[in-house]
Amino acid sequence: MNIVIEHHPSSIKLVELGVMSWPKWSCQPGKYALVFDERETCYLVKGRVKVYPKGSSEFVEFGAGDLVTIPKGLSCTWDVSLFIDKHYKFDPPTSS
């Protein structure tokens, strides 16, 4: 699945990445089908989620304080147990 989770990165790293200037996204608890057309890096300010890749019963769980990289092309279901508030950025598309 290749979702990379860094639990509680240092505030220095977050400043270096410019995380607080990234756009924000939030959602209520529930299940959401998502497709990532580009690689996403996100930092969860609040919340908890289990991510199930399409067609799999295995999951990855992460939450508030985690810096997460989601690979390009991932189709998955987000099972949100606690309200999500996150900063995110997508890698720019690569030209062919």
Side-chain angles (χ1 to χ4, degrees):
M1 176 170 15
N2 297 332
I3 292 176
V4 177
I5 303 167
E6 184 177 343
H7 298 288
H8 305 285
S10 71
S11 57
I12 292 169
K13 180 169 186 173
L14 296 176
V15 168
E16 286 174 350
L17 292 171
V19 166
M20 296 307 162
S21 68
W22 297 351
K24 287 186 91 175
W25 181 81
S26 61
C27 69
Q28 297 295 328
K31 291 187 179 182
Y32 302 88
L34 300 172
V35 177
F36 291 84
D37 293 327
E38 299 298 333
R39 187 174 84 156
E40 179 183 312
T41 303
C42 61
Y43 177 73
L44 272 73
V45 178
K46 296 179 183 176
R48 191 112 198 118
V49 61
K50 291 180 183 175
V51 177
Y52 294 85
K54 188 174 182 179
S56 176
S57 60
E58 294 181 19
F59 65 87
V60 173
E61 186 171 15
F62 48 90
D66 290 340
L67 183 66
V68 181
T69 303
I70 301 166
K72 177 180 178 176
L74 180 67
S75 293
C76 60
T77 298
W78 278 41
D79 187 357
V80 176
S81 56
L82 294 171
F83 173 83
I84 293 285
D85 188 22
K86 71 173 185 170
H87 288 278
Y88 71 94
K89 73 167 188 151
F90 291 104
D91 284 359
T94 54
S95 55
S96 305

Margin query: Rounded to the nearest 0.5 Å, what separates atom CZ in F59 from atom SG in C76?
Written below: 14.0 Å

Notebook entry, point to check: Would you find a donor on one side and an acceptor on the other, under 3.5 Å apart, between the side chain of S21 and the backbone of G18?
Noted result: yes

Notebook entry, point to check: Is there side-chain contact between Y88 and P23, with at least one heavy-atom pair below 4.5 Å?
Noted result: yes

Note to self: Is the shortest side-chain heavy-atom distance between K89 and L17 below 4.5 Å?
What the structure shows: no

Next item on the list: Side-chain contact test, heavy atoms from C-beta onward, threshold under 4.5 Å: evaluate it for Y43 versus P9 and give yes or no.
Entry: yes

Check: Going from CG on L34 to OG1 on T77, what distance comes out if it is rounded to the nearest 0.5 angstrom?
Finding: 7.5 Å

Notebook entry, point to check: Taking only residues two or more places apart in sequence or in another chain, which ones pass side-chain hydrogen bond (donor to acceptor under 3.5 Å, both in side chains) with H8?
Noted result: none

Next item on the list: Walk me through it: do D91 and R39 pass the test salt bridge (charged side-chain N to carboxylate O under 4.0 Å, His left out)?
Entry: CA-CA 6 Å; D91 284 359; R39 187 174 84 156; 2.7 Å; yes

Check: If you round to the nearest 0.5 Å, how far is CG of L67 from NE2 of H87?
Finding: 11.5 Å

Item checked: Interatomic distance, F83 atom CZ to Q28 atom CD [nearest 0.5 angstrom] -> 5.5 Å

Margin query: Are there over 12 heavy-atom neighbours, none belonging to K24, within less than 6.0 Å of that residue's NZ?
Written below: yes

Next item on the list: Check L82, V60, V80 against V49 for a side chain to side chain contact (heavy atoms under 4.5 Å, CB included) and give me the one that passes.
Entry: V80

Check: How many angstroms lie between atom CZ of R48 and atom CG of D66, to the nearest 0.5 angstrom?
Finding: 6.5 Å

Notebook entry, point to check: Closest heavy-atom contact between I70 and C42?
Noted result: CD1-SG, 4.4 Å

Note to self: Hydrophobic clusters here meaning ILVMFWY residues chained together by side-chain heavy-atom distances under 4.5 Å, can you tell me if F62 and F36 are in one?
What the structure shows: yes

Item checked: Joint cluster assignment, V45 & V68, ILVMFWY side-chain distance < 4.5 Å -> no

Check: With the 4.5 Å side-chain cut-off for hydrophobic clustering, are L44 and L74 part of the same group?
Finding: yes

Notebook entry, point to check: In terms of hydrophobic clustering (I, L, V, M, F, W, Y; side-chain heavy atoms under 4.5 Å; direct or indirect links), are V51 and F90 co-clustered?
Noted result: yes

Next item on the list: Mind checking the OG1-NZ spacing from T41 to K86? Nearest 0.5 Å is all I need.
Entry: 10.0 Å

Notebook entry, point to check: Does K50 pair with D79 as a salt bridge, N-O distance under 4.0 Å?
Noted result: no

Check: For the hydrophobic clusters of this structure (ILVMFWY residues joined by side-chain heavy atoms under 4.5 Å, transitively), does one cluster hold both V19 and V15?
Finding: no

Checklist line | W78 and W25 aromatic ring geometry - parallel, tilted or perpendicular at 30°/60° bounds | finding: perpendicular

Checklist line | Nearest heavy-atom neighbours spanning S75 and V35 | finding: OG-CG2, 3.7 Å

